[in-house]
Amino acid sequence: MNNAQYADILESIATLRQIRGDSPFKSRAFENAARSIRKMPEKIEELIDEGFDLTSLDGIGKSISGELHKIHETGESPTHKELLANFPDGILELTRVEGLGPKRIKLLYDELGICDLASLEIAAEAGQISALPGLGQKTEDKIKSEVIRLKNTSVDRIPLPLARAAGESIVAALSKLDCIQKIEIAGSIRRGRETSKDIDILVASKDYTLVFDTFVGLKEVDNILVRGDTKTSVRLKSGTQVDVRVVELWQFGAALHYFTGSKEHNIQIRSRAKKMGLRINEYGVLRLSDEEYIASKTEEDIFGAIGLPWIAPELREGGDEIENALNGKLPELIDKTSVMGDLHMHTLESDGRNTIPEMIEKAKSLGYTYIAITDHSAFVPVTGGMTADRFAAQIEEIRKENEKHSDFTLLAGIEVDILSDGSLDMDLELLKVCDWVVGSIHSGMNMKKENMNQRLLTAMHSGYLNAFGHPTGRILGGRKGYDYDLDLILGAAIENKIAFEMNGSTGRLDLNAEMAKYVSQKGAMVVLGSDAHSTRGLDEMRYAIQQSRRAEIPKSKILNSLSAADLLLATR
DNA sequence: GCCGTTTTCGGCCCGACTGTTTTCAGTCG
C-alpha cells in the first residue's frame with residue numbers, strides 16, 4: 001500500500017467522524033496526519049518495517065500511529081471499519097455536493113436514509129428535502145442542480161496549467177477596467193499545487209460593483225453561485241468555479257496572504273498571532289489591546305508583524321514552514337533568473353510548430369543563454385520523428401546556426417525513444433557527437449514492472465543519456481504512469497550522471513514536486529524542461545520552476561542553472 | 001487527536017455569504 005492509500009483512509013475517517021458529529025478538532029487531526037503522509041517522500045510502509053517512530057512525524061501522535069500500524073498489519077484500520085459500519089460508503093460522495101456539509105449530510109441520512117447521490121436525487125425530486133427543518137425550497141433546488149452537475153463531471157480538480165490559463169484570461173479581462181488598482185491570482189494556483197479545485201482572484205479597487213458586474217458578465221461565466229458585497233463566485237461554462245474577492249488597496253497584502261492559503265497554513269499563522277495578542281484576518285494584523293491594524297499593505301508586513309520572514313507561497317502548505325522560518329531554515333528557492341537555458345523542445349523537424357531561429361529568438365527574450373533542440377526520434381510515427389539521416393543533417397544545421405550567435409549557444413540534442421528492450425532509437429554514433437540526449441518512453445508504457453526495470457536499466461547504463469525525460473509518464477488527471485522500481489532506476493541514473501527531468505508542459509508536471517524532492521535528496525541532479533512544441537510552449541518552463549520551488553530543490557541540484565560551458569563539462 | 005515562546009491540560013483562525021431564520025446555523029475557503 002502506498003502513502004496515498006494510507007492518507008485516503010485517514011481522510012475517510014476524518015470525513016466520517018465529522019458526519020458522525022465528533023469534535024471537529026479530532027477530525028482535523030486526521031486530516032492533518034493525512035496531508036503529512038501524502039507529501040512525505042519516504043514510504044510509510046518502509047518506515048514501519050524499519051521500526052521508525054511515526055509519532056515523530058508532523059501531526060501524527062500515539063493514536064494515529066497505532067492506526068497506521070494496524071493498517072500495515074491487516075490492510076484495514078479498526079476505526080475506519082467501525083465508522084463504515086455506521087455509515088454506508090457512498091455517503092462520502094455527498095461531500096462533493098456544494099452546500100452539503102457534515103451536519104446536513106447527517107440530517108439527510110438520519111431522517112431520510114440518504115446515503116449517496118442517487119438516493120439524494122430521488123429525495124430531492126420527491127420534495128422530501130425541503131420538508132426537513134432548516135432546509136427549504138431553495139436548498140432543495142440547489143441540490144437538484146448540483147446532482148445534475150456532478151453526474152456530468154467525474155473530476156473535481158483541474159491541472160494547474162489549465163487552471164492558471166483560465167485564471168489569467170479572467171485577469172486580463174478584468175484588468176481592462178480603470179478602477180482596478182491591483183489584481184492577482186491567489187489560492188492553490190499561486191502556491192503551485194498541481195491541481196486546483198477552483199480559481200481565486202484578488203482585486204484591489206474602489207468600485208466593487210463595477211468589478212463584480214464585469215466579472216459575472218464575462219462570456220466564460222455560466223452562472224453565479226454567490227454574490228455579496230466583497231466576494232462573488234461563479235461557475236464557468238467549463239465547470240470550474242472562480243472566486244473573486246475585492247478589497248481596498250491598503251489591505252491587499254493581508255488579503256493576498258489570506259486568499260493564498262493554504263487553509264492549514266493560515267490556521268497556524270493565525271494561531272501564532274493570537275498567542276502574541278494579535279488577530280489576523282483578510283484586512284490586516286489587528287493589535288487586540290487597542291484594536292489597531294499594525295500591518296496590512298504587503299505580505300512581508302503581515303509575516304513581519306508576527307516575527308517571521310516572508311514565506312514563499314509554494315511552501316505554505318501547513319507543514320514545517322513556520323518553524324523553518326523561525327529558525328532561519330527556509331530553503332533558498334530558485335526563480336526564473338536562475339534558469340540559464342531550456343534543454344527540451346521540438347521544432348518543425350518533428351512535431352513542433354516553429355523553426356530553430358524562432359525558438360532561439362523566443363529563448364533569448366526569456367533571458368536564456370542557451371537551448372538544446374531535442375526533436376523526436378522516429379519510433380513513434382505520430383511525432384514525425386527523425387531518422388538517423390535527418391538527425392545528422394539537423395546536427396549540421398544546428399552547428400551552422402550556432403555560428404551566427406556570439407552571446408548564445410545552440411546545442412544539438414535529441415529526445416530519443418527508449419525502446420522496449422532498453423535500446424535507444426538512434427544511430428549511437430550520432431548520440432555520441434551531439435551535445436545533449438534526453439531519453440524518454442513513448443511506447444510500451446504498460447509493461448510489467450520487472451520488464452520496465454530491465455528496460456530502463458539498460459537505457460541508463462547505455463552511456464549515451466544525459467537526462468531521463470518525463471520520468472513517470474503520468475498525465476495529470478489521466479494516465480497513471482509507468483510501473484518501475486524508482487530506487488533501482490534512481491541508483492542507475494546517479495551512477496551514470498543522468499538527470500531527472502522536471503517537465504513543465506501542460507498536463508505533465510513530471511516529475512511532480514514530491515518525487516523531485518525525493519530524487520534530489522537521494523543525490524540525483526534535476527533538469528527543468530518546457531518540452532515546448534512551439535515558441536509559446538517555452539513559457540511552460542515556469543511550471544517546472546514552480547514545481548521545483550515546491551520541491552525545495554536548491555540551485556546547486558539544477559543542471560540548467562549552469563552556464564552552457566559548465567553544463568557541457570558536467571555532462572561529459 | 002495533537003501539541004507546547006504561557007501550557008502535559010486546554011486550547012485548537014476568522015470572516016463572508018446564504019437560507020431559513022425572527023437572531024443564527026451551516027457552509028465555504
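By convention in this document, chain letters (A, B, ...) are assigned in the order of the sequence lines, proteins followed by strands, and residues within each chain are numbered from 1.
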What's the gap between [N] and [M] when it is taken at their [atom1] atoms, as a whole Å value?
{"N": "B/dG1", "M": "B/dT5", "atom1": "C1'", "result": "23 Å"}
{"N": "B/dC13", "M": "B/dG29", "atom1": "C1'", "result": "12 Å"}
{"N": "B/dT21", "M": "B/dA16", "atom1": "P", "result": "24 Å"}
{"N": "B/dT22", "M": "B/dC17", "atom1": "P", "result": "22 Å"}

**Request:** Report yes if at least one side-chain N or O of A/Ser27 is closer than 4.0 Å to OP1 or OP2 of B/dG1; otherwise report no.
**Result:** no

**Asked** So, is A/Ser233 close to the B/dC28 phosphate, meaning a side-chain N or O under 4.0 Å from OP1 or OP2?
**Response**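 Checking B/dC28 against A/Ser233, no side-chain N or O comes under 4.0 Å of OP1 or OP2.
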
**Request:** Compute the centroid of each ring, for A/Tyr293 and then for A/Tyr283, and state whether the two points are separated by less than 6.0 Å.
**Result:** no

**Request:** Under a 3.5 Å limit for both distances, which nucleotide forms a Watson-Crick or G-U wobble pair with B/dC28, could you say?
**Result:**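 Per the H-bond distance test, B/dG15.
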
**Asked** How about A/Asn3 and A/Ile37: do any of their side-chain heavy atoms sit closer than 4.5 Å?
**Response** yes

**Message:** Categorize A/Ile64 for me: base, sugar-phosphate, or nothing, with a 4.0 angstrom heavy-atom threshold over every strand shown.
**Reply:**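 Touches sugar-phosphate only.
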
**Item:** Nearest listed nucleotide, side chain of A/Asp198, among B/dG29, B/dC13, B/dC17
**Value:**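 The answer is B/dG29.
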
**Complete:** Exactly one of A/Leu177, A/Val246, A/Leu174 clears side chain to side chain contact (heavy atoms under 4.5 Å, CB included) with A/Leu210, and that residue is A/Leu177

